[in-house]
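Notes follow once the structure below has been shown.
Labels below follow one simple rule: chain letters A, B, ... track the order of the sequence lines, proteins then strands, and each chain is numbered from 1. Any value given below was found using the heavy atoms of this structure, including those in side chains, with hydrogens, waters and symmetry copies removed.
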Amino acid sequence: MAESITPQREDFSRWYLDVIREAELAENSPVRGSMVIRPYGYELWENIRDGLDRRFKETGHKNAYFPLFIPMSFLQKEAEHVEGFAPELAVVTIGGGKELDEPLVVRPTSETIIGHMYARWIQSYRDLPLLINQWANVVRWEMRTRPFLRTMEFLWQEGHTAHATAEEALAHTRRMLDVYADFAINDAAIPVVRGVKSEREKFAGAVASYTIEAMMANGWALQSGTSHYLGDNFSRAFEIKYLDENNESRYCHTTSWGVSTRMVGAVIMTHGDDQGLRLPPKLAPTQVVIVPIWRKEAEQAGVLALAERVESMLKTAGVRVHKDLRMDQTPGFKFNDWEMRGVPLRIEIGPRDVAQNAVVLARRDRPGREGKTMGVPVDSLTEQVPNMLAEIQAAMLADATARRDANTHDVTSYDEFKRVLDEQGGFLRVHWAGSSEDEARIQDETRASLRCLPLESDLGSGPCFLTGQQTDRIAIFARAY
RNA sequence: CGGGGUGUGGCGCAGUUUGGUAGCGCGCAGCGUUUGGGACGCUGAAGUCAGAGGUUCAAGUCCUCUCACCCCGACCA
């Protein structure tokens with residue numbers, strides 16, 4: 001048992017912080033609420049970034065970069081937008097030792113400055129759709145922070161697109177939501193619920209916000225990506241107009257969508273266990289670690305030679321592999337160390353293996369003896385290892401999905417709602433015809449918020465669990481990060 | 001901003017009640033023995049005890065003020 005990691009059951013929040021520290025993902029910085037992402041955590045983020053970026057390119061987007069500083073007046077052009085973000089803005093008022101004529105906001109998101117540029121770039125329907133993404137840092141002044149889940153500065157991508165029609169923009173909003181879901185499910189092995197945000201929870205300035213909601217190992221919900229249909233709100237504020245085929249001036253319809261370093265937190269809290277991190281092979285910085293083992297000095301050369309050979313075979317097969325040659329650590333220590341870091345597959349090579357030209361495979365997702373396969377022939381590894389990585393990836397998704405489903409409860413009354421929330425937690429699925437005020441009251445009384453109105457469900461129609469009114473609208477409530 | 005807590009080698013802490021040589025564990029460095037599930041021995045380096053002021057022959061310890069950080073609540077990708 002990992003003595004440096006608090007068991008999940010004892011204190012999930014402590015467990016989360018312990019894992020981040022022990023696996024060297026990140027560290028608190030000297031600045032309150034900001035974190036330093038360490039190389040291992042950053043590699044994980046890079047893999048998340050690459051998986052998303054590839055999908056953005058495949059769906060026709062180009063990357064660009066817009067400035068960190070945004071004139072305060074830009075934010076004020078969209079009333080709801082500025083109102084939503086005002087409390088969490090960091091504002092620069094002094095530059096070069098002089099008071100600025102106009103304060104500059106450190107971007108909390110870039111709709112406004114991008115809207116300003118789109119107004120210049122878009123003249124004709126021939127310029128549409130305009131599909132741009134940016135990878136950037138943003139700043140939101142937060143009261144309470146948590147590594148990866150909520151920090152004052154975070155890394156993310158924000159996609160911003162402009163379209164000729166509302167239908168097209170809305171379709172694009174949904175398309176990007178699907179891209180996020182595809183990434184979450186297939187790369188991060190995180191089952192997500194696609195849904196619409198309630199009026200109360202939607203993005204400041206959006207017509208509609210879509211979300212992918214994931215369930216963490218403690219049953220809490222985590223919004224892991226959002227996609228917004230902005231209608232012509234920002235187009236009107238920034239005069240993003242085009243001439244259509246009939247030479248008539250029209251407002252564009254825009255979208256924006258983002259996934260942040262919060263996704264790292266989602267990976268940690270979806271898959272992690274009391275041994276530490278568990279990483280899905282597609283995102284793991286190191287997919288396979290080789291641990292050489294010997295007893296007598298005479299055995300060392302043979303073991304190291306085989307380790308070397310296995311490493312180069314796997315590298316050639318496109319596997320991210322690391323050979324642990326630390327001479328001052330015992331194999332047992334290394335096993336635990338790499339398990340704590342979440343490496344999906346371990347290859348043990350000792351004298352017995354050298355003798356039979358074979359190795360031992362140990363899966364991270366099946367701890368202990370159960371996950372070990374002895375006597376795997378070396379010559380089969382270029383096939384076996386990629387296969388097993390794919391198997392682990394699939395098993396992790398299956399496990400997470402089973403847990404999510406087991407912790408999703410349909411309830412039909414407010415009493416049952418409170419009881420199930422208290423006793424079991426997880427997602428509470430209900431028929432919902434309540435108002436924003438009802439929603440606020442529920443959150444106030446139970447600390448569970450309306451996560452989303454799921455896009456797909458098999459519940460049909462029924463009476464609202466709160467008001468009794470007949471409805472076919474479904475909502476998912478949960479305690480959330 | 002309200003409530004609670006903590007500041008002592010890199011990290012985690014004891015020592016504060018009752019003032020009297022700055023300690024323990026881990027980690028780190030060197031050497032040796034070890035290595036199929038978290039090895040061990042010996043040697044060693046490392047601390048303005050958060051800061052300022054005060055009481056005292058003497059302050060990590062008592063008094064006053066300041067600062068920082070953490071946890072719990074209200075806002076949030």
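For the pair A/R144 and B/A74, the criterion of a side-chain N or O lying under 4.0 Å from OP1 or OP2 is not met. OP1 or OP2 of B/U35 has at least one side-chain nitrogen or oxygen of A/R295 nearer than 4.0 Å. Not one side-chain nitrogen or oxygen of A/T330 sits closer than 4.0 Å to the OP1 or OP2 atom of B/G38. Side-chain N/O atoms of A/R447 include one lying less than 4.0 angstrom from OP1 or OP2 on B/G73.
Residue-to-nucleotide contacts include no donor-acceptor pair under 3.5 Å from the side chain of A/K334 to the base of B/G36. Side chain A/Q329 to base B/G38: no donor-acceptor pair is found below 3.5 Å. With hydrogens and angles ignored, a donor-acceptor pair under 3.5 angstrom links the side chain of A/R346 to the base of B/G37.
Ionic pairing of A/K334 and A/D328 is not present here: no N-O contact between side-chain nitrogen and carboxylate oxygen is shorter than 4.0 angstrom. Under 4.0 Å is where a charged nitrogen must lie from a carboxylate oxygen, and between A/D53 and A/K57 at least one such pair does. Between A/R404 and A/E213 there is no salt bridge, since none of the side-chain N atoms of the basic residue sits less than 4.0 Å from a carboxylate O of the acidic one.
One atom, OH of A/Y16, and another, P of B/C70, lie 15 Å apart when rounded to the nearest Å. The distance from atom CD of A/Q443 to atom C1' of B/G73 is 13 Å, rounded to the nearest whole Å. At whole-Å resolution of the value, CG in A/D337 and P in B/G27 are 13 Å apart. The separation between A/D18 atom CG and B/C11 atom C1' is 13 Å, rounded to whole Å. Regarding A/R479, its CZ atom lies at a distance of 14 Å from the C1' atom of B/G73, rounded to whole Å. Separating the CH2 atom of A/W45 from the P atom of B/A77 is a distance of 16 Å, rounded to the nearest angstrom. The interatomic distance linking A/W156 (CH2) with B/A77 (P) rounds to 10 Å, in whole Å. Spacing between atom CE of A/M152 and atom C1' of B/A77 amounts to 15 Å, rounded to whole angstrom units.
Judged by a 6.0 Å distance limit and a 45° cone about the ring axis, A/R346 is positioned over the six-membered ring of A/F335.
Within the nucleic acid shown, A/W294 comes within 4.0 Å of at least one base atom, counting heavy atoms only. A/F154 comes within contact range of at least one nucleobase, with a heavy-atom separation under 4.0 Å. Residue contacts shown for A/T151 include a base, since a base heavy atom lies under 4.0 Å away. Counting any heavy atom pair closer than 4.0 Å across all strands shown, A/G258 reaches no nucleic acid atom. At a threshold of 4.0 angstrom between heavy atoms, the contacts of A/K296 with the nucleic acid are absent. Counting non-hydrogen atoms under 4.0 angstrom, A/V360 reaches a base of the nucleic acid.
With contacts defined as side-chain heavy-atom distances shorter than 4.5 Å, the pair A/I114/A/T254 does not qualify.
Between the side chains of A/Y481 and A/N218, at least one donor N or O sits under 3.5 Å from an acceptor N or O.
Taking atom C1' on both nucleotides, B/U33 is separated from B/C49 by 38 Å, rounded to a whole Å.
Nearer to the 5' terminus of RNA chain B, by closest-nucleotide assignment, is the contact made by A/P292 (compared with the other of A/K202 and A/P292). Along RNA chain B, the nucleotide closest to A/L17 and the one closest to A/Q223 are compared, and the more 5′ of them pairs with A/L17.
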